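What you see is a predicted model; the values in this text were computed from it and never measured.
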Amino acid sequence: MSIKLIETLSQTLTDADLTDAIGILIAARKERQAGQLKEMKSTLSVGDEVEFYHSDRGQHIRGEVTKTKTKKALVKESGTTMTWDVPMGMLRKVT
């Protein structure tokens with residue numbers, strides 16, 4: 001399925017069908033995020049180098065994991081003293 005198909009469907013579906021379609025997409029995204037969280041949580045440990053996207057800065061921030069929690073990790077930004085509390089689903093390991 002492509003974005004073009006979604007754009008077309010958004011114009012042709014009834015309001016009720018569009019509401020159902022949005023619900024399906026939201027549920028699928030939540031399921032994927034849960035899987036990403038589970039995978040990252042099982043592989044992430046203190047000392048790992050990671051990066052995440054910061055929308056306000058418009059760039060990726062790279063740092064080192066200093067602590068892992070249930071759903072988030074504390075990441076010390078490289079080259080600064082700034083520590084970020086980042087949801088695990090937003091993190092990507094840097095190799």
Side-chain angles (χ1 to χ4, degrees):
M1 179 167 18
S2 69
I3 297 299
K4 292 280 187 195
L5 177 58
I6 293 172
E7 288 175 353
T8 301
L9 288 173
S10 72
Q11 301 299 318
T12 59
L13 292 174
T14 65
D15 287 345
D17 288 341
L18 185 58
T19 300
D20 290 343
I22 291 169
I24 291 167
L25 290 172
I26 290 170
R29 180 64 185 140
K30 284 182 181 181
E31 187 176 317
R32 286 184 186 187
Q33 285 176 324
Q36 291 169 346
L37 169 69
K38 188 175 181 179
E39 180 182 341
M40 184 56 69
K41 187 175 179 179
S42 68
T43 61
L44 195 65
S45 59
V46 173
D48 286 345
E49 190 168 345
V50 294
E51 70 177 14
F52 61 96
Y53 183 74
H54 191 284
S55 59
D56 288 345
R57 289 189 183 180
Q59 64 184 10
H60 285 87
I61 295 175
R62 189 174 283 203
E64 180 181 315
V65 175
T66 58
K67 182 179 180 180
T68 59
K69 301 189 287 183
T70 305
K71 293 186 178 183
K72 295 182 177 185
L74 294 180
V75 178
K76 183 178 180 297
E77 185 177 350
S78 299
T80 71
T81 59
M82 179 70 109
T83 299
W84 299 90
D85 194 14
V86 184
M88 288 198 195
M90 291 180 60
L91 295 173
R92 185 174 66 88
K93 276 190 172 183
V94 178
T95 55

| message | Distance check, rounded to the nearest 0.5 Å: Met40 atom CE versus Asp48 atom CG? | response | 9.0 Å
| Heavy-atom distance under 4.5 Å between the side chains of Leu44 and Lys93, does that happen here? | yes
| query | Do Tyr53 and Met90 share a hydrophobic cluster, counting only Ile, Leu, Val, Met, Phe, Trp and Tyr and linking them when any side-chain heavy atoms are less than 4.5 Å apart? | reply | no
| said: Within a 6.0 Å radius of atom CD on Glu31, are there more than 12 heavy atoms belonging to other residues, nucleotides or ligands? | reply: no
| said: Can you confirm whether Asp85 is buried at CG, in the sense that more than 12 heavy atoms of other residues, nucleotides or ligands lie under 6.0 Å from that atom? | reply: yes
| From CD (Glu7) to CG (Leu9), nearest 0.5 Å | 10.5 Å
| Rounded distance (nearest 0.5 Å) linking atom CE of Met88 with atom NZ of Lys71 | 11.0 Å
| message | Around atom NZ of Lys69, are there more than 12 heavy atoms from other residues, nucleotides or ligands closer than 6.0 Å? | response | yes
| Under 4.5 Å between side-chain heavy atoms, hopping through other hydrophobics if needed: is there a path connecting Leu37 to Phe52? | yes
| query | Side chain of Ser78, backbone of Arg62: donor and acceptor closer than 3.5 Å? | reply | yes
| request: For Thr66 and Val75, work out which heavy atoms get closest and say how close. | output: OG1-N, 4.4 Å
| remark: Taking every heavy atom of Val65 against every heavy atom of Ala73, the minimum-distance pair comes out as CG1-CB, 4.4 Å
| field | Derivation and outcome, side-chain contact (heavy atoms from CB on, under 4.5 Å), residues Trp84 and Glu77 | value | CA-CA 7 Å; Trp84 299 90; Glu77 185 177 350; 3.0 Å; yes
| message | Taking Thr70's backbone N and O only, do any of them form a donor-acceptor pair with Lys41's side chain (distance below 3.5 Å, no angle check)? | response | yes
| Same apolar cluster: Val94 and Leu91, side chain cutoff 4.5 Å | no
| said: Is there a path of hydrophobic side-chain contacts, each under 4.5 Å between heavy atoms, that joins Val86 and Ile61? | reply: yes
| For the hydrophobic clusters of this structure (ILVMFWY residues joined by side-chain heavy atoms under 4.5 Å, transitively), does one cluster hold both Leu5 and Ile24? | no
| request: Would you give the length of the straight line joining atom CD1 of Ile3 to atom OG1 of Thr8, rounded to the nearest 0.5 angstrom? | output: 11.0 Å
